[in-house]
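Below: one structure, written as structure tokens.
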Amino acid sequence: MTTNSSPQLWLYDTTLRDGTQREGLSVSIEDKLRIARRLDQLGVPFIEGGWPGANPKDVQFFWQLQEDPLKNSEIVAFCSTRRPHTNAASEPMLQAILAAGTRWVTVFGKSWDLHVTTGLKTTLEENLAMIRDTIEYLGSQGRRVIYDAEHWFDGYKHNPDYALKTLETAIASGAEWLVLCDTNGGTLPHEVTEIVQAVNHHSSLVADKAQMKIPQIGIHTHNDSDLAVANALAAVMAGARMVQGTINGYGERCGNANLCSLIPNLQLKLGYSCIGEDELAQLTEASRFVSEVVNLAPDEHAPFVGISAFAHKGGIHVSAVERNPLTYEHIQPEQVGNRRRIVISEQSGISNVLAKARTLGIELDQRQPEARQILQKMKDLESEGYQFEAAEASFALLMYEALGKRQKFFEIKGFQVHCDLIAGKETTNSLATIKVSVNGENILEAAEGIGPVAALDAALRKALVKFYPQIAEFELTDYKVRILNGNTGTTAKTRALVQSGNGHQRWTTLGVSTNILEASYQAVVAGLEYGLLLYSQPKALFISSEKLKSQNTTVSES
Ligand SMILES: CC(=O)SCCNC(=O)CCNC(=O)[C@H](O)C(C)(C)COP(=O)(O)OP(=O)(O)OC[C@H]1O[C@@H](n2cnc3c(N)ncnc32)[C@H](O)[C@@H]1OP(=O)(O)O
Ligand SMILES: CC(=O)C(=O)O
């Protein structure tokens with residue numbers, strides 16, 4: 001944990017610039033503002049907002065922030081050096097940068113001679129002039145400059161003398177930060193260590209000689225070798241003091257260094273001070289907020305912030321974690337705002353069952369014979385195709401059944417479903433009739449639905465609502481099915497997962513059968529039953545964050 005004497009690291013978020021270079025990610029100005037304000041709350045010192053002048057959205061974004069500025073963070077405008085053989089003062093792009101009204105500007109320039117001669121199609125000398133003019137011009141206009149040395153590591157490996165000249169030029173022109181970029185993401189951690197140390201040494205000599213303030217070193221890494229986080233950590237350990245990255249690792253190609261992994265590693269493992277402890281505890285929420293805004297499903301298995309990051313499935317793991325979480329957890333989940341979860345499956349032991357019973361508010365003791373019976377029943381059902389890890393509500397019902405405490409709210413006497421498929425029509429209508437008995441009274445009801453499961457659900461709810469008015473609040477929020485043994489054709493078993501909700505909570509139930517309707521019927525009925533249980537024992541059965549695993553889906557009906 002960090003203290004007052006922990007060394008300071010400067011975080012630099014580029015979600016709104018490099019992050020938006022990810023294929024499939026597109027944000028509106030409103031989205032950008034929401035993300036910027038969330039990062040501002042998190043206490044990220046630098047937020048790169050975009051490239052004003054490159055597109056109208058980024059121009060507008062900076063103007064809107066001038067009217068209603070951020071409270072804590074510095075918003076940074078990003079741009080390239082001027083074009084070859086032009087004058088910085090007359091570059092329209094640099095005028096757009098000045099109009100963005102930021103105190104800080106990040107300028108990227110070429111470090112690799114190949115890029116100068118092939119990409120820019122100019123001379124090595126002219127590239128140095130481009131770096132110099134651009135930084136000096138921005139400085140003369142009152143801007144503080146961060147210099148991003150694009151392709152730094154490749155450039156240094158191919159022609160170290162020239163690469164170092166580009167940095168010397170940036171230092172002499174007044175850049176306050178030299179950010180070394182692994183633009184192509186191909187560098188390995190030991191190379192990063194060596195090169196950052198060499199640059200630190202060289203830039204100190206250069207700055208000393210010129211009697212200038214020694215610029216600080218920053219790092220910007222890409223994930224093409226799956227090493228962006230490791231490389232950024234290596235750079236920090238070799239002396240870098242600014243770390244650039246993005247929330248959830250979004251970025252061009254395979255992404256940028258993931259700040260959601262970097263921040264806890266830097267802060268909790270290496271003892272650097274990046275953001276406050278309270279802010280660190282908001283990291284999981286911030287990660288999910290950003291994925292929600294950019295409309296990308298969160299990575300469930302993301303380190304630190306993924307829903308599975310502290311999920312324990314193997315029985316041996318759960319047994320030990322129950323005794324001491326340190327046995328299978330590298331940090332406390334709460335430190336990053338995440339939480340521990342116990343998963344129920346055929347990999348479970350008795351510890352999973354007891355832990356799950358506890359979280360569901362069900363009293364169960366290891367010495368009760370029912371505890372082992374529940375475990376065995378669950379394993380038997382899993383071998384038949386049930387999968388309880390995504391259907392905790394069904395597992396709760398199984399436990400109540402085994403304990404002889406399952407409440408009988410209603411009894412289904414029978415049902416029929418008709419589907420009308422009309423050639424040439426896009427939608428089909430289904431009609432379900434159902435016979436139910438409640439407290440000895442028989443009810444016959446019918447309802448239509450867009451598909452057979454929706455019709456069945458509607459008919460059942462119609463039949464039950466006069467006995468249980470709370471059912472009016474229930475809704476079927478998701479329905480997924482998976483064919484379990486597809487090679488057996490139409491006799492294959494189907495697993496149906498039904499997610500239900502009441503506006504405050506969601507719960508998932510499942511059914512398995514060779515008949516897709518029967519599997520769905522089991523899941524729908526269990527969903528209603530569990531919903532009714534929630535009202536009779538609301539505290540006991542609260543399941544906070546259930547999920548349906550999308551990879552289970554082969555057929556879906558809404
Ligand atoms: C490593 C990075 O992630 S850098 C950031 C990359 N991000 C982006 O490219 C997103 C925003 N980019 C854009 O909107 C556009 O590419 C613009 C507006 C910047 C430029 O658009 P255009 O003028 O149409 O050119 P184009 O997209 O083909 O870009 C290549 C031009 O940039 C020039 N360029 C590339 N790097 C630099 C640099 N460091 N300094 C100056 N010019 C550069 C190239 O020489 C080329 O110019 P030329 O065609 O006159 O030789
Ligand atoms: C500047 C930048 O985004 C890069 O070099 O990757």
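Each ligand, and each atom within it, is numbered from 1 in the order the structure gives. What you see below is based on every heavy atom in this structure, not just the backbone, and it leaves out hydrogens, waters and symmetry mates.
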Proximity to ligand 1 by part of F108, non-hydrogen separation under 4.0 Å: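 Answer for F108: both.
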For T183, which part has a heavy atom under 4.0 Å from ligand 1: side chain, backbone, both, or neither? side chain
Among all protein non-hydrogen atoms, which one is nearest to [atom], and what is the separation to 0.1 Å?
atom	answer
atom 13 (C) of ligand 1	A54 CB, 4.1 Å
atom 20 (C) of ligand 1	M93 CE, 4.9 Å
atom 40 (N) of ligand 1	T81 OG1, 2.6 Å
atom 42 (N) of ligand 1	L120 CD2, 3.6 Å
atom 36 (N) of ligand 1	K110 NZ, 3.1 Å

Can you name the one residue among N223, L266, N258 that meets side-chain contact (heavy atoms from CB on, under 4.5 Å) with V229?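 The single option meeting the side-chain contact (heavy atoms from CB on, under 4.5 Å) with V229 is N258.
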With the threshold set at under 4.0 angstrom, would you say [X] reaches ligand 1 through any of its heavy atoms?
X	value
Q21	yes
M130	yes
N55	no
R82	yes
R17	yes

Using heavy atoms and a 4.0 Å limit, tell me yes or no: is E252 in contact with ligand 2?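 No, E252 has no heavy atom closer than 4.0 Å to ligand 2.
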Charged N-O contact under 4.0 Å between [X] and [Y]:
X	Y	result
E125	K165	no
E91	R82	no
D58	R17	no

How does R17 reach ligand 2, by side chain, by backbone, by both or by neither, if only non-hydrogen atoms under 4.0 Å count? side chain
Proximity to ligand 2 by part of T183, non-hydrogen separation under 4.0 Å: both
Would S26 and K57 count as a side-chain contact (heavy atoms from CB on, under 4.5 Å) if you check the C-alpha gap in whole Å, the side-chain angles of each, and the deciding distance to 0.1 Å? CA-CA 11 Å; S26 172; K57 207 188 278 176; 4.3 Å; yes
Would you sort out whether F304 and H330 count as a ring-ring contact (aromatic ring centres under 6.0 Å, His included), showing the intermediate values? CA-CA 10 Å; F304 297 100; H330 66 135; 5.0 Å; yes
Answer whether the closest heavy-atom distance between the side chains of W10 and P45 falls below 4.5 Å.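 SC-SC contact between W10 and P45 confirmed.
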Quick one: which of E150, R83, H151 has a heavy atom closest to atom 1 (C) of ligand 1? E150
Restricting to non-hydrogen atoms, name the atom on K313 and the atom on N352 that form the minimum distance, rounded to 0.1 Å. O-ND2, 2.9 Å
Give the atom numbers and elements of ligand 1 that come within less than 4.0 Å of a heavy atom of G119.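 Here the atoms of ligand 1 in question are 45 (O).
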Based purely on interatomic distance, does D148 place a nitrogen or oxygen under 3.5 Å from a nitrogen or oxygen of ligand 2?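 Between D148 and ligand 2 (N or O atoms, distance only) the closest approach is not under 3.5 Å.
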Quick one: sort the Y328 and H317 rings into parallel, tilted or perpendicular, breaks at 30° and 60°. parallel
Between W51 and F78, what is the ring plane arrangement, given parallel below 30°, perpendicular above 60°, and tilted in between?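 Perpendicular.
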